Amino acid sequence: MDRFNSSQAGSMLLQALPVRVGMDMATAAVWSAIAVLLTTVVVAAKTMMAKRSAAAAAKLPLPPVVSGVSLIIPVISRGPRAVVEELYGKLGSVFTVGFLGMKTTFLIGSESLDSFFTRPDAEVHQAKTYRNLTVPIFGKGVMYDVDVATRAEQFAASFEALRPTKLRSNAVAMVREAEEFFAKWGDQGTVDLKHELHLVILTTASRIILGKEVRETMLDDFASSFHELMNNGTHIVSLFFPNLPIPRHRRRDAASARVRGILARAIKLRRASGRVEDDMLQRYLETKYRDGRPMSDDEIIGLLTAMVVAGHKTMATNVTWTGAFLLANPNHLAAAVDEQRCLIARHGADRVVDYAALTEMDTLHCCIKEALRVYPPVPLLLRSVRKGFTVRTREGKEYEVPEGHTLVCYTALNNRLGHVYRDPGEYDPERFGPERNEDKVAGKFSFTSFGAGRHTCLGAAYAFLQMKAVWSHLLRNFELELISPFPELEVNNPTPGPRGKVMVSYKRRKLSS
Ligand code: HEM
């Protein structure tokens with residue numbers, strides 16, 4: 001292309017020169033010769049430069065490689081994070097794991113992650129790696145099963161329903177749902193907090209995302225089918241072999257059919273009622289693609305499922321970890337309770353907690369964010385390389401990452417780097433306070449629990465509001481105590497949460513200023 005442009009420029013020069021100087025044939029011949037010479041020199045120089053830069057690129061080494069087979073036993077015995085951390089210590093912030101002919105390159109730390117988060121999909125592709133897991137759950141024709149442009153339109157419709165103006169009304173619904181849900185608890189008792197929090201998050205999502213029809217008439221059916229879908233559809237095996245004929249996948253597919261049936265009924269009811277509601281279902285019903293085509297029912301069902309999946313396990317997991325950490329750390333619990341006391345003193349005990357009040361809860365915000373840092377609900381982000389690129393490591397080395405590699409942003413380690421976070425293994429919400437701001441000062445990809453860049457989470461603001469609505473209600477209305485051991489992390493799950501039950505005892509109280 002460059003060569004073509006240079007020749008073209010040369011011939012244009014040849015055509016233009018005689019006219020400009022208005023000369024005789026001899027002079028024109030001299031100028032023509034000069035032009036040919038110049039063109040030849042330019043073309044030769046460009047070709048040489050192109051060859052040199054290709055040679056330079058070719059000379060860049062590939063990242064150091066380690067055999068995946070040698071990691072199987074360490075991963076099983078010590079867990080993936082410990083193993084990746086050890087490789088990071090030995091090989092630096094960029095390295096490749098080779099396994100069964102696949103090459104997976106880990107990019108650790110803010111300095112190495114730029115290409116992962118900012119390159120266009122044509123070069124660093126997101127969908128391919130997530131398709132296996134999501135198509136059996138969301139169905140075909142949505143999210144990672146469509147081209148980038150269609151997905152962008154589908155996300156734009158979803159984002160419309162998550163805008164700050166919408167979040168104001170969502171916040172009221174979130175607080176109301178929390179009040180109604182916990183009103184069912186007695187004056188004192190013992191509960192599995194994990195189970196309860198999963199339910200309250202799902203109940204609220206069913207109101208704000210799926211709408212009144214599901215919330216009021218089909219919630220139990222939806223909750224049990226959705227639970228079955230998530231339990232069976234998100235195993236690590238499904239990420240690699242989504243259609244393996246195993247009982248787990250048969251249960252997943254049956255649950256998926258039930259969820260689809262429920263959502264199809266909700267759409268029908270909404271259409272028949274002629275009502276216009278303030279929820280995500282309404283948003284999709286009113287959406288038209290750029291070419292004027294409305295969304296099909298199948299697409300709406302797929303997107304509604306996708307939004308509940310994207311938000312439910314992630315938020316439910318994180319509110320549970322937040323609870324476990326607060327109940328295991330009395331000083332941070334006391335700080336979060338004090339903040340609620342101050343807000344009650346400032347606004348009065350009777351003022352309903354609304355969007356403005358939730359956004360004032362900075363201490364609680366940091367407690368939630370710190371749980372997201374320590375145990376990110378999505379610990380592993382994936383991409384595939386379609387066009388090779390150069391990466392510069394924190395240690396100052398340069399590598400070529402070639403086409404065909406899978407890329408990993410391993411948030412579980414990225415969020416715990418010692419040069420970014422002080423005592424990274426400690427639960428310390430104050431690290432996000434204005435004095436320390438540890439994630440901000442260390443580079444823009446230091447905290448990747450919501451991803452970053454091109455595909456950053458669309459629901460982060462929604463998620464913080466929802467999680468604060470739940471915890472501000474609990475802090476104001478209950479004294480809680482963790483009575484089971486501090487939970488361990490689930491294994492073999494791409495979105496791991498706390499393993500087993502998280503038992504707490506509660507006693508009702510009315511917090512005052
Ligand atoms: C604590 C809660 C949440 C966490 C930890 C979380 C985490 C993430 C992460 C890590 C990504 C980036 C994936 C990648 O780069 O490959 C992401 C993307 C996304 N999230 Fe969330 N999420 C949460 C809540 C939500 C909620 C409540 C919604 C919607 C209701 C949502 C909708 C989305 C969507 C649509 C994307 C895709 C964005 C894109 O690819 O352009 N998330 N989320």
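What you are looking at is a predicted structure, and each value in this text was computed from that prediction instead of being measured. Numbering of ligands and ligand atoms starts at 1, following listing order. Start at 1 with the first residue, then count along the sequence.
At a 3.5 angstrom cut-off on N or O pairs, Y462 does not count as close to ligand 1. Looking at Q126 next to ligand 1, an N or O pair under 3.5 Å apart turns up. In terms of polar-atom proximity, defined here as any N/O pair under 3.5 Å, R383 does make such a contact with ligand 1. Taking any N or O of H455, backbone or side chain, at least one lies under 3.5 Å from an N or O belonging to ligand 1.
With respect to the salt-bridge test (charged N to carboxylate O, under 4.0 angstrom), the residues R260 and D298 qualify. With respect to the salt-bridge test (charged N to carboxylate O, under 4.0 angstrom), the residues D278 and K166 qualify.
Interface atoms of ligand 1 facing A463, defined by a heavy-atom separation under 4.0 Å, are 2 (C). Under a 4.0 Å criterion applied to the non-hydrogen atoms of M307, ligand 1 contributes the atoms 29 (C), 30 (C), 35 (C).
The proximity of L381 to ligand 1, defined as any non-hydrogen pair under 4.0 Å, is limited to the side chain. Looking at P377 against ligand 1, only its side chain comes within 4.0 Å, counting heavy atoms. Contacts between T456 and ligand 1, counted as non-hydrogen atom pairs separated by less than 4.0 Å, involve the backbone only. Residue-level proximity to ligand 1 for Y130 is carried by the side chain, the only part with a heavy atom below 4.0 angstrom.
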